[in-house]
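Everything on this sheet refers to the single structure shown next.
Counting from 1, the numbers follow the sequence of the chain as shown.
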Amino acid sequence: MADATLPHDVAVAHGHGGEFEAPLFGAYSKKVGMWLFLASDSLTFGALLFAFSYNRIYTAWPTPFGKDSIINATVMTACLLSSSLTMVMAVFAAQRHDKTWTRNWLLATMAFGTAFIVLHGMEWSKLIGEGLTLPGFPKPARQAEGEFAKISSGVPQFAATFFGLTAMHMLHVTIGVIYLGAVALRKWFLPILGALWLAGYFLIPSDNVFHYGIQALLIGLIVLSVILFLKPKDYDAHDVEVAGLYWHFVDLVWMFIFPLVYLMSTKI
């Protein structure tokens with residue numbers, strides 16, 4: 001019993017486990033926990049990517065995306081690639097115990113992630129306005145009856161798999177931005193998140209799908225409030241590294257979605 005309460009460095013030096021013995025593969029428990037979460041999350045994205053690929057192979061798949069959509073998706077990809085770089089810089093700064101630049105790089109990562117969400121929201125709004133919709137989705141007051149409307153009625157699998165896959169990814173990016181906001185700003189992020197939710201709720205038109213999607217910010221605000229008030233702390237280099245693992249996973253998933261969903265469904 002005495003060995004179980006030894007400090008980690010003393011216990012290791014004497015060949016004992018110790019209270020703070022490193023877990024699986026010598027990694028700390030937070031990293032192992034994130035690895036396990038990402039492994040399970042990859043199954044969800046894998047199923048969605050398989051569904052999209054299966055439908056594309058065995059269905060008369062439309063190619064509705066044109067030059068504008070590809071340019072917008074390319075800019076979104078550049079935002080995520082840039083955010084991966086700033087996230088790496090945040091991890092390096094945290095390992096140097098440079099709190100100022102850790103926060104600055106995290107804020108830069110959040111800015112790129114937010115730009116991705118905004119651009120993706122604009123793309124969704126444009127497609128829905130042109131007729132690409134699903135049953136149950138709020139429809140704009142003036143909806144076009146062009147090619148996208150014909151696709152929605154003729155090949156409903158396209159809208160279902162497109163919105164399902166990209167919505168899941170957009171939700172993960174949103175969660176990532178909220179996650180990084182908590183690590184970078186802690187309780188100071190709560191009023192910012194609340195203000196963003198209020199602005200989105202009152203400024204986004206009621207016939208826009210994101211009028212309902214903005215509630216993800218409200219859920220994030222409630223969850224963060226519970227976490228930050230029950231266990232306030234200064235996040236260390238390990239916390240930043242774990243957040244980086246999540247962010248890089250989200251970026252990696254987009255590297256599959258961009259060519260599969262956009263480049264392989266384009267007229268160009």
Side-chain angles (χ1 to χ4, degrees), residues 22-50 52 72-121 164-186 189 193 216-217 220 223-224 227 235-263:
L24 189 64
F25 303 125
Y28 47 91
S29 58
K30 294 177 183 177
K31 180 182 283 189
V32 174
M34 181 57 75
W35 282 342
L36 293 175
F37 168 74
L38 296 180
S40 64
D41 207 26
S42 64
L43 298 178
T44 302
F45 278 109
L48 292 172
L49 289 167
F50 176 82
F52 190 95
N72 189 62
T74 302
V75 175
M76 288 192 290
T77 304
C79 288
L80 280 189
L81 290 175
S82 300
S83 72
S84 286
L85 175 60
T86 56
M87 190 70 237
V88 169
M89 300 303 295
V91 172
F92 286 160
Q95 292 173 346
R96 297 194 308 268
H97 305 289
D98 187 341
K99 292 185 177 181
T100 299
W101 274 105
T102 299
R103 182 176 63 252
N104 291 342
W105 287 121
L106 287 176
L107 292 176
T109 305
M110 292 170 61
F112 283 120
T114 302
F116 174 88
I117 296 170
V118 171
L119 289 171
H120 212 155
L165 183 55
T166 56
M168 180 62 72
H169 183 264
M170 205 186 318
L171 176 63
H172 276 68
V173 176
T174 303
I175 293 173
V177 172
I178 295 174
Y179 184 4
L180 295 182
V183 174
L185 302 175
R186 296 179 294 282
F189 185 60
L193 188 57
L217 298 185
V223 173
L224 277 191
I227 294 173
Y235 294 100
D236 57 20
H238 287 175
D239 296 304
V240 176
E241 183 178 6
V242 170
L245 288 175
Y246 176 87
W247 192 262
H248 292 315
F249 170 78
V250 173
D251 290 357
L252 179 63
V253 170
W254 179 254
M255 295 304 107
F256 289 94
I257 294 176
F258 176 51
L260 180 63
V261 175
Y262 282 92
L263 295 182

Cys79 and Leu119: which non-hydrogen atoms are nearest, and at how many Å?
SG-CD1, 4.3 Å
Test side chain to side chain donor-acceptor pair (under 3.5 Å) applied to Ser82 - qualifying residues, sequence neighbours left out
none
Which donor-acceptor pairs under 3.5 Å do the side chains of residues 38-47 make with protein atoms, sequence neighbours left out?
residue : atom : partner : partner atom : Å
Ser40   : OG   : Phe37   : O            : 2.6
Asp41   : OD1  : His172  : NE2          : 3.2
Asp41   : OD2  : His172  : NE2          : 2.5
Ser42   : OG   : Leu38   : O            : 3.4
Ser42   : OG   : Ala39   : O            : 2.6

Between Ile178 and Ala216, what is the shortest heavy-atom contact and its length?
CD1-O, 4.4 Å
Partners meeting ring-ring contact (aromatic ring centres under 6.0 Å, His included) with Phe52 (sequence neighbours left out)
Trp61
Value rounded to 0.5 Å, distance of CG in Leu48 from CG in Leu260:
11.0 Å
Within a reach of under 6.0 Å around OH of Tyr235, are more than 12 heavy atoms found that belong to other residues, nucleotides or ligands?
yes
Hey, could you give me the OH/CD1 distance between Tyr246 and Ile175, rounded to the nearest 0.5 Å?
4.5 Å
To the nearest 0.5 Å, how far apart are NE2 in His248 and CE in Met87?
6.5 Å
Could you tabulate the donor-acceptor pairs under 3.5 Å formed by side-chain atoms of residues 88-98, not counting sequence neighbours?
residue : atom : partner : partner atom : Å
Asp98   : OD1  : Thr100  : N            : 3.4
Asp98   : OD1  : Trp101  : N            : 3.3

With sequence neighbours left out, the residues meeting side chain to side chain contact (heavy atoms under 4.5 Å, CB included) with Thr166 are His120, Trp124, Phe162, Ile257
If you draw a 6.0 Å radius around CE in Met34, do more than 12 non-hydrogen atoms from other residues or ligands fall strictly inside?
yes
When rounded to the nearest 0.5 angstrom, what distance separates CZ in Phe116 from OG1 in Thr174?
9.0 Å
Residues that Thr114 engages under side chain to side chain donor-acceptor pair (under 3.5 Å), provided they are two or more places apart
none
Could you tell me which residues satisfy side chain to side chain contact (heavy atoms under 4.5 Å, CB included) with Thr77, sequence neighbours excluded, listed by chain and number?
Leu81, Trp254, Met255, Phe258
Let me confirm one number: the CG-CG distance from Leu80 to Leu252, rounded to the nearest 0.5 Å.
11.0 Å
Excluding sequence neighbours, so at least two apart, what forms side chain to side chain donor-acceptor pair (under 3.5 Å) with Ser84?
Asp251
What pair of heavy atoms forms the shortest contact from Thr86 to Trp105, and how long is it?
O-CB, 3.5 Å
Over all heavy atoms of both residues, which pair between Ala184 and Leu107 is shortest? Give the atoms and the distance, please.
CB-CD2, 4.5 Å
Trp247: ring-ring contact (aromatic ring centres under 6.0 Å, His included) partners, not counting sequence neighbours:
none
Output all residues satisfying salt bridge (Lys or Arg N to Asp or Glu O under 4.0 Å) with Lys30, sequence neighbours left out; order by chain, then residue number.
Asp239
